[in-house]
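Input: a single structure, listed below in structure tokens.
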Amino acid sequence: MTPMHPSPDAAGPAASSASSARGDWRRLLASPEAVALLLLVAGITGGGLLSPKYFLDFHYLMDSTSLYMEAAIMALAMTFVIISGNIDLSVAANLALTAVLCGELHLRFGVPMGLVIVAGPCIGAVLGLFNGLLIARLRLPSLTVTIGTLALYRGLAQVMIGDAALQGFPDWFNGIDQRYVAGLLPLPLVIFLVLAVACALVLHRSLLGRFLYAMGTNESAARYSGVRAGVVKVAVFAIAGGFSGLGAVMMTSRLGTVQYSLADGQELAVITAVVLGGTDIFGGRGTIFGTVVATFLLGIISRAMGLALWPAENQLAVSGSLLIFAVVLYRLLAKIGTTIRT
Amino acid sequence: MTNTAATAAPAIEHDPNVAVRADGLSKSFGGILVLKNASVALRKGEIHGLVGENGAGKSTLAKLIGGVHVPSGGHISVGGRVTHIPNPAAAIALGIALIHQEPLTFPDLSVAENIFIHRQPRRYGIVDWASMNAQAAAILTSLGVTINPRQKVRGLSIADQQTVEMAAAISQHAKVLLMDETTAALTPSEVKDLFRVMRQLRDQGAALAFIGHRLEEIFDICDRITILRDGEIVGHKLTRETSIDEVLRLMVGRPMDAMFARQIDHKPGDVALEVRSLCRAGEFEDISFNVRQGEIVALAGLVGAGRTEVARAIFGVAPAESGEVLIAGKSARINGPRDAMRLGLALVPEDRQHHGVLMPLSVWRNATLAIADRLARLGFVRDSSAKSQTADYVERLQVRLRSIGQPIRELSGGNQQKIVLAKWLMTKPRIMILDEPTRGIDIGAKAEVHKLVSSLAAEGIAVLMISSELPEVLAMADRVLVMREGRLTGEFERKDATQEKIMAAATGQGVAAAMDAAHRSPQPSGASLWTRFRELGIAAVVVLAMTIASCLQPRFLSNGLRGVLIDSTLIAIVAMGQMMVIITRNIDLSVGSTLGLTAIVVGKLLLDHPGFSPIEAGLIAVVLGGMLGLFNGLLVALLDVPSIIATLGTYTAYRGLTFIYSGGKQVDSVPRWLTALSQVPAGVPWIVYLAAGVAVATAMWLGYSRTGRDIFAAGSNPPAARLRGIGIRGILMLVFTITGALSGFAGLLYASRIPYVNPEGAGKQMELVVISAVVIGGTNVFGGSGSVLGTVLGCLLLGIINVALPTLGVSDFWQLAVYGLCILVAATTDTFIQRRSGLAAELP
């Protein structure tokens with residue numbers, strides 16, 4: 001519809017940039033990332049007040065992060081996937097299958113552990129590649145495909161080792177969470193932070209990131225503009241798989257054992273972190289910063305529940321509710337945001 | 001802002017011949033006035049044309065009368081009475097129907113259902129299919145078309161779909177029909193058919209409004225013409241008292257030849273682009289032409305002639321099936337836009353909104369999307385160079401905007417188009433294909449675009465310009481090619497080209513009826529064939545599996561079968577609900593957790609109060625499950641939470657509640673009547689009868705009730721469903737509630753199979769099994785279709801696999817992997833086969 005009046009350029013550049021700058025600040029404050037950050041600060045403060053013995057203990061806080069760093073790493077990749085307009089429900093199952101395969105490689109076939117550590121992410125990437133090919137080539141919905149691989153991968157893990165718990169990894173490999181960088185930060189946390197920085201660079205500064213946002217916004221227009229949507233899709237799912245593979249290696253080291261039920265149900269935690277961090281489930285919008293903040297927020301909540309001696313199963317109720325709460329809240333915020341703008 | 005016009009209007013003497021009158025209507029969107037003080041009268045037994053350029057307001061006027069928008073000012077009178085028309089359903093109730101250019105039909109439903117959806121004739125309270133088909137056939141015959149009312153709408157040509165829409169309007173006793181650009185995508189013979197139908201309706205006393213761009217058509221069909229320009233009405237004329245020239249003058253407001261005059265002072269160079277014998281079935285055939293450097297070749301013709309398809313083929317979006325494309329004399333393999341770009345091609349697409357711009361993104365991100373990789377160093381983009389390039393082009397093309405950082409959707413159509421042009425100019429193309437480059441932009445911007453294209457040609461770029469506007473074609477082109485129904489029918493040098501010659505070639509008589517037939521695709525009644533065949537296929541697999549199993553394990557048929565049936569029943573009950581959810585384009589991951597939660601709650605209840613009767617327990621289970629499902633429904637329907645997220649959340653939350661409620665302990669000793677459900681009277685456990693009952697009830701409800709049919713409509717085309725008055729929100733809440741109730745019921749029955757209920761295991765992974773069964777059963781993962789029989793067969797098949805695996809010596813552990821494989825294989829094969837036979841939905 002062609003508007004009858006000319007575009008508003010009468011305001012003049014100076015005046016318009018000033019008012020747009022003010023508008024930018026308001027939009028920033030109302031953004032989901034800001035809310036998540038606020039909640040994180042509130043969470044730490046609240047925890048500190050209620051349970052100062054633990055919450056204000058730096059070492060305790062640091063150590064407690066190790067429990068969820070694998071999920072955090074998967075959340076980084078999931079951010080990419082969701083921004084591109086897709087979803088991957090198979091990440092946790094991918095982790096389990098990769099862990100089983102790695103375990104078998106070392107324990108049954110005697111492959112040196114060092115090689116297995118490298119093989120882990122590669123195996124995960126191949127499993128993710130399978131997702132990507134089905135989704136890109138056959139143009140099947142990512143939801144359907146990854147529900148299928150969710151079952152298939154975990155099923156295969158179950159087939160391979162049944163109820164058994166594989167053990168017997170070398171001493172130098174086990175206990176990744178007992179290693180500290182600069183004597184202060186647990187190794188898993190450092191790995192996560194390094195990856196987070198890398199992912200942020202890729203997402204916000206690289207060509208791939210540009211294409212992910214474009215595809216999540218309007219895939220056909222992106223295609224018409226020369227974006228190779230098929231390749232990007234395959235790549236993003238392979239990356240998700242690779243991160244799952246890395247998580248597999250880390251979790252195996254932390255637990256010292258491999259079972260088919262590793263990371264069972266963690267796809268929920270991963271998606272919650274991404275959505276809580278402000279990424280739009282429909283694609284086209286999101287930041288790594290938001291995901292990182294949300295990850296720590298979820299970790300704090302989990303710790304708080306643990307300290308209150310809530311059994312792990314009860315925490316499920318809270319996680320599920322949190323996801324719903326986050327989505328509803330951000331939808332409302334978005335609606336308010338658009339009314340501010342107009 | 002909106003004029004809720006029940007405000008009494010001054011008594012206007014009502015002319016009984018006037019069906020609908022608009023008085024001083026105005027409409028603004030977001031502060032921009034698009035229609036001002038429009039008054040028009042639609043008379044019975046008359047076809048009234050509304051003409052004007054793009055953005056003149058004619059479509060808005062029709063939409064106001066049709067109830068799609070509410071007026072900002074002025075009022076509408078129907079039958080002499082001032083009326084407020086808040087939505088399309090209200091308009092239909094008043095006998096006013098809007099027929100759209102892109103028909104809003106339900107591809108998965110039959111023609112008859114498309115006509116009667118939400119108002120199907122009923123007998124004894126259930127949908128009377130026979131009567132509906134007969135009535136549909138009668139209406140179609142009265143319109144003079146031969147369409148089988150039983151065939152699915154998917155696969156019908158656009159023309160036929162529009163006819164279906166008109167039939168629907170007639171069936172609703174519409175006395176006023178507003179046809180919004182309905183001929184834009186029709187072939188000339190289809191237009192003739194449409195006009196015959198329109199004249200028939202007119203002669204029966206209907207009032208028709210016809211919006212169109214082609215003045216020849218307007219003068220052919222309309223008795224009266226109203227001309228709009230820039231949102232205002234500038235003339236009412238009786239057709240016989242005016243001429244095309246006069247109408248054109250009123251539309252444009254200036255004499256015809258004040259269009260941009262192109263100065264051509266260079267000779268074209270070598271051939272830059274050549275195509276030879278390009279063919280693509282159903283779209284175009286034997287297309288050969290060339291474009292030289294510095295030349296502007298216009299590709300003229302009516303909409304639907306196949307020009308955009310040729311452009312898309314050259315650019316690689318939908319490559320030709322045979323023929324050759326040569327760039328600078330060398331044969332080129334173009335499999336995608338990237339290949340085309342590498343060879344120096346650029347395409348400015350016809351549909352700016354969907355293919356040209358990414359609305360929420362900023363101007364500079366849009367502008368630099370095509371050269372993003374060229375701007376990148378080592379894979380990293382440099383925003384600064386992107387922004388400076390954009391600023392350069394903004395200045396060069398004189399784009400009016402606030403800042404290059406603002407979202408592109410805030411720009412006017414003309415400025416958006418300039419950014420699209422800038423995007424492609426940045427790629428430094430040697431060949432540019434422009435598809436309707438000035439569509440939907442105002443006069444001033446049009447002239448600027450023409451000037452730009454002209455200068456591009458002067459710089460040596462080869463330009464192929466697709467345009468439906470003859471003045472533009474004549475002003476710009478060095479050569480004019482004309483297409484009609486997929487073939488080239490004319491070529492004219494600039495000096496020889498005239499409007500008449502081009503139009504003659506574009507609408508020529510007696511050309512290949514072959515292409516026309518292709519347009520009027522005789523719909524493979526393959527769609528329903530495929531469904532039947534598919535169910536037979538699964539049934540065959542089921543029989544095969546049972547045979548194999550009983551060969552390997554002779555006791556299978558006696559013992560194993562019972563186990564299969566019982567396993568399948570729980571799955572089947574829940575699958576009925578999941579199928580409905582998937583039909584509406586959603587998913588419910590929480591069914592297993594709902595089952596578990598109700599199982600624990602009811603189990604504990606029965607333990608503590610053994611006095612509850614079976615009926616009471618059943619009611620509690622169903623109501624509890626229903627409430628859990630309703631919560632999902634509220635999230636999805638009222639709060640707009642995507643179902644994947646909502647049910648992922650409740651999947652976890654309900655499981656958590658299960659643990660909390662049970663205190664982590666399992667519930668032992670369920671009452672005897674519950675375990676009796678798995679006992680065997682006459683060889684078949686009670687529970688199987690229950691499940692069969694549920695399946696039959698579901699099939700009846702989905703097949704023979706209006707609400708059941710509404711569910712399919714809601715999944716097949718949600719916007720169309722809304723327009724027909726189907727409350728999507730209500731449907732979604734209903735479907736999720738039913739699914740929850742069924743899961744709850746299954747939760748009660750779950751306790752009948754094993755004497756205790758474990759909070760962790762109850763219903764675990766049930767959602768995966770159920771989704772597998774539904775997908776195997778043939779329910780389309782994209783929504784809109786599904787069958788109870790197929791789903792039941794899918795459940796049987798999975799039940800057999802469950803039982804057969806241990807029989808075959810395969811460990812239980814394969815279960816999960818098998819479910820996954822089933823989902824993947826079923827979805828893949830379905831999509832593959834449907835795509836092959838052209839039955840699948842269109843994809844971006």
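Both backbone and side-chain heavy atoms feed into the values below; hydrogens, waters and symmetry mates do not. Per chain, numbering begins at 1; letters A, B, ... match sequence-line order.
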Inset, instruction - Ignoring hydrogens and angles, state whether a donor on the side chain of A/K233 or A/S84 is under 3.5 Å from an acceptor on the partner side chain. - result: no

Legend entry - B/T650 side chain to B/N632 side chain, donor-acceptor N/O pair below 3.5 angstrom: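 Yes, B/N632 and B/T650 have a side-chain donor paired with an acceptor closer than 3.5 Å.
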
Under 4.5 Å from any heavy atom of chain A - which part of [X]:
X	answer
B/I645	both
B/L639	both
B/R312	side chain
B/L589	side chain
B/R374	neither
B/Y661	neither
B/D383	side chain
B/L375	neither
B/V317	side chain
B/I823	side chain
B/R382	neither
B/L821	both
B/A646	backbone
B/V825	neither

Any side-chain heavy-atom pair of [X] and [Y] under 4.5 Å:
X	Y	result
A/L127	A/L97	yes
B/D351	B/D435	no
A/I135	A/S142	yes
B/Q765	B/L816	yes
A/L101	A/M160	yes
B/S590	B/E767	no
B/R352	B/V357	yes

Answer with side chain, backbone, both or neither: which region of [X] has an atom nearer than 4.5 Å to a non-hydrogen atom of chain B?
X	answer
A/F325	neither
A/R154	both
A/F130	side chain
A/L322	neither
A/L143	side chain
A/V275	side chain
A/I147	both

Inset, instruction - Step through the shown structure and confirm whether more than 12 heavy atoms of other residues, nucleotides or ligands are within 6.0 Å of CZ on B/R338. - result: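 Yes, because the 6.0 Å sphere around CZ of B/R338 holds more than 12 heavy atoms from other groups.
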
Inset, instruction - Could you check whether the rings of A/Y224 and B/H355 sit parallel, tilted or perpendicular, using 30° and 60° as the cut-offs? - result: parallel

Using every non-hydrogen atom in the two residues, find where [X] and [Y] come nearest and quote the distance to one decimal.
X	Y	answer
B/L358	B/I408	O-CG2, 3.6 Å
B/Y819	B/S772	O-OG, 3.4 Å
B/I587	B/S643	N-OG, 3.1 Å
B/F380	A/L201	CE2-O, 3.7 Å
B/P642	A/R331	CD-NH2, 4.1 Å
A/A294	A/G277	CB-N, 3.5 Å

Top residue by heavy-atom pair count (under 4.5 Å) with chain A, among [options]?
options	answer
B/T658, B/L361, B/D640	B/D640
B/P337, B/G649, B/G405	B/G649
B/F315, B/Y651, B/W424	B/W424

Legend entry - Side-chain donor/acceptor of B/K418 to backbone N/O of B/Q398, under 3.5 Å: yes

Inset, instruction - Give me the contact list for residues 259-272 of chain A versus chain B, heavy atoms only, anything under 4.5 Å, ordered by residue number. - result: A/D264, A/L268, A/I271

